[in-house]
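The structure under discussion appears below in the form of structure tokens.
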Amino acid sequence: MLRVYNTLSREKEVFEPVEEGLVKMYVCGLTVQNYSHIGHIRSAINYDVIRRYLEYLGFEVQYISNFTDINEKIVLRAEEEGITPEELADKYAKAFLEDIKELNIRPADMYLRVSENIDEIIEMVQTLVEKGYAYEADGNVYFSVESFEDYGKLSGRTIEDMQAGARIEVKEDKRHPMDFALWKKVEPGKGWESPWGEGWPGWHIECSAMSMKRFGATFDIHGGGTDLIFPHHENEIAQSEAYSGKKFVKYWLHNGTVNLKGEKMSKSVGNFFTTREVLKHFSGEIVRYFLLSRHYGSPIDFSFEQLEEAETAYKRLSNTRKQLAGILTGHIGNNQENKEANNKFSRAIKIRQEEFEEAMDDDFNTARTIGVIHDFAGDINRFINRTGFELNEKNFSLLNEAEEVFMLLADVMGLEFSSAENYANDSELLNSLVDILLDLRESAREEKDWEKADLIRDRLKEVGIVVKDTPRGPKWEISSKLRDEEV
RNA sequence: GGCGGCAUAGCCAAGUGGUAAGGCAGAGGACUGCAAAUCCUUUAUUCGACGGUUCAAAUCCGUCUGCCGCCUCCA
């Protein structure tokens, strides 16, 4: 039974979508003004895994996200780069889609753009004005927080609380300092026509208008970073529920921020690493593994040291996968049946899957899940060692089953455990060349010509190819150091 | 100032009433001509401090200390 932590209730609740079997989830995307950074990626990975697990459980999932392509920053940035705001937004939206591909994040079913939903937004603002929840003042339209009784229910604060320490400069034309803009007046020629003159949508209205347009007044999951709880999501609730008179979102999920030396990465502070920068040094799989090794709700401290550690841990799992793949393409022998070991292993396969589900059912606890996968890898490694690489039919079918389950779990995490192979198999030419050299080295070794054998190994190492002698012949791979220098 | 969160081994990190997952680093072993890599084994009488509730607490309550987030654009 899946339970999720709902920010709205501050409790773990049993997950039951509004419509049986169908989950509608909306995740706040980014303002396409620059390349994505690791904080955005954490969010994207998190909801990607949630989506995958919901599907694993048998739900149909409709996953929608957005690109905010209208705001001052985009205009400024476009001027800097000497292109139009549309071109800028396009450029970074495209870049984001490339980034998430590297990280094996499945794209949303739909990315909604503010610029393509202006009519819906205007309609919504208009209705809010008609219903008395919003008012116009000199070409701007504001939502009146005092008109919405539940204002503050998501972030757990009252209007009075917030006012006490408010740091915002109060705009003259607002009736209440906490009122927020639904529609902003802009200079002629820069905005859209509206009943209140030319302008732009306010920041919060887009998500409400676009999500309700696709999903209806109520949907199941709304996700985003904890830094969006207030004011963004609080305001979304206010305007959406005021508009429809219905509950807006059933489960509010929030992922923790990515920190750098203890402080939140953010565009404004400038203390962030772009996804591209990080991917120059580590594969998407490693980054993904690292980000999933903590519970999604907690903040996570980012550093390259931590990524290196993650890479080592990750390799253990990809080795198990590789070993499994290798042995399953081998011959079936007929070594002796060890019933006890077989039964134990058979049970382990089942138990690991159960543990995995238990961890995921507990608010998508991927940190625990990774522990389970490590335990599972240990089970598999031990079992393979016991067989001495000579499989009988029973071993074979058990390992086959193990591989299936292992990859099923890996798939929910979006991990493939195959990046090392990808690097090694990049070029067929490279493969054959290294094979020739290793053949030469093997004959040298047979003749106990260690000097020649070591020379070959050392020279290969110099160019970044690491040779490993295993009981089943020499293996090689491209070292991670070389990968770093290449890029 | 208001609201919220966190504090678990050298490091990272699960665990929210029943006696401390997992990873990294360290130690030992297997394999090897030697390596490297890999695999196996092992590593917290104890959970920021002090009180309290309980047969039983890292887990609940209170006080204190430290760190962080939000209250302004943010994933």
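Keep in mind the model is a prediction, meaning the values are calculated, not measured. Chain A is the first sequence line, chain B the second, and so forth, proteins listed ahead of strands; every chain is numbered from 1.
- Atom P of nucleotide C40(B) and atom CZ of F345(A) are separated by 12 Å, given to the nearest angstrom.
- Regarding contacts with the backbone of G33(B), every side-chain N or O of R445(A) stays at 4.0 angstrom or more from both OP1 and OP2.
- A salt bridge does not link R445(A) to D449(A): none of the charged side-chain nitrogens sits closer than 4.0 Å to a carboxylate oxygen.
- Nucleotide U53(B): unpaired (no Watson-Crick or G-U wobble partner with both distances less than 3.5 Å).
- Distance from the side chain of L228(A) is smallest for A75(B) among the nucleotides C34(B), C11(B), A75(B).
- Under 4.0 angstrom from either OP1 or OP2 of C3(B) there lies no side-chain N or O belonging to R10(A).
- Nucleotides of RNA chain B nearest to G371(A) and Y47(A) differ in position, and the one nearer the 5' end is that of G371(A).
- When each of N381(A) and R368(A) is assigned the nucleotide of RNA chain B bearing its nearest heavy atom, the one mapping closer to the 5' terminus is R368(A).
- Remark: A14(B) base-pairs with no nucleotide in the shown strands. Criterion, Watson-Crick or G-U wobble with two distances under 3.5 Å.
- Rounded to whole Å, the distance from CG on L438(A) to C1' on A37(B) is 14 Å.
- Protein atom CD1 of I456(A) is 20 Å distant from nucleotide atom P of A36(B), rounded to whole Å.
- Taking atom C1' on both nucleotides, G66(B) is separated from A27(B) by 34 Å, rounded to a whole Å.
- Checking the phosphate oxygens (OP1, OP2) of G22(B), no side-chain nitrogen or oxygen of H374(A) falls inside 4.0 Å.
- The separation between F272(A) atom CZ and C73(B) atom P is 18 Å, rounded to whole Å.
- At the phosphate of C39(B), neither OP1 nor OP2 sits under 4.0 Å from any side-chain N or O atom of R386(A).
- For A35(B), the base has a donor-acceptor partner in the side chain of R457(A) [N/O atoms by modelled type, under 3.5 angstrom].
- Residue H37(A) is in base contact, counting any heavy-atom pair closer than 4.0 Å across all strands shown.
- Contact check on K12(A) versus D362(A) returns a salt bridge, with a Lys/Arg side-chain nitrogen under 4.0 Å from an Asp/Glu carboxylate oxygen.
- In this structure, the CZ atom of F290(A) is 16 Å from the C1' atom of G22(B), given to the nearest Å.
- When the P atom of G5(B) is taken as reference, atom CG of D227(A) falls 17 Å away, rounded to whole Å.
- The C1' atoms of A36(B) and A75(B) are separated by 41 Å, rounded to the nearest whole Å.
- Summarising the geometry, the separation between CD1 on I229(A) and P on C71(B) is reported as 11 Å, rounded to the nearest angstrom.
- Of all nucleotides present, only C40(B) satisfies the Watson-Crick or G-U wobble test against G28(B), with each distance under 3.5 Å.
- Enclosure of atom CD in E263(A) is not indicated, since only 12 or fewer non-hydrogen atoms of other residues, nucleotides or ligands lie within 6.0 angstrom.
- An OP1 or OP2 oxygen of G15(B) is reached within less than 4.0 angstrom by a side-chain nitrogen or oxygen of N365(A).
- Considering only side-chain N and O atoms, K315(A) lies nowhere under 4.0 angstrom from the phosphate OP1 or OP2 of G23(B).
- Among the nucleotides G2(B), C24(B), A75(B), the one closest to any side-chain atom of R157(A) is G2(B).
- When heavy atoms are screened at a 4.0 angstrom cut-off, D454(A) is found touching base atoms of the nucleic acid.
- Nucleic acid contact class of V269(A) (heavy atoms, under 4.0 Å, all strands): none.
- Nucleic acid contact for G152(A): none, since no nucleic acid atom lies under 4.0 Å from a heavy atom of the residue.
- Under the Watson-Crick and G-U wobble criteria, each requiring two contacts below 3.5 Å, nucleotide C70(B) is paired to G2(B).
- Rounded to the nearest 0.5 angstrom, I370(A) CD1 and R368(A) CZ are separated by 13.0 Å.
- Per the geometry, OH belonging to Y5(A) stands 14 Å off P belonging to U16(B), to the nearest Å.
- Picking from G33(B), A75(B), U41(B) the nucleotide with the shortest atom distance to the side chain of T31(A) gives A75(B).
- Residue R441(A) is in base contact, counting any heavy-atom pair closer than 4.0 Å across all strands shown.
- One N or O donor and one acceptor, one from the side chain of K73(A) and one from the base of C73(B), sit under 3.5 Å apart.
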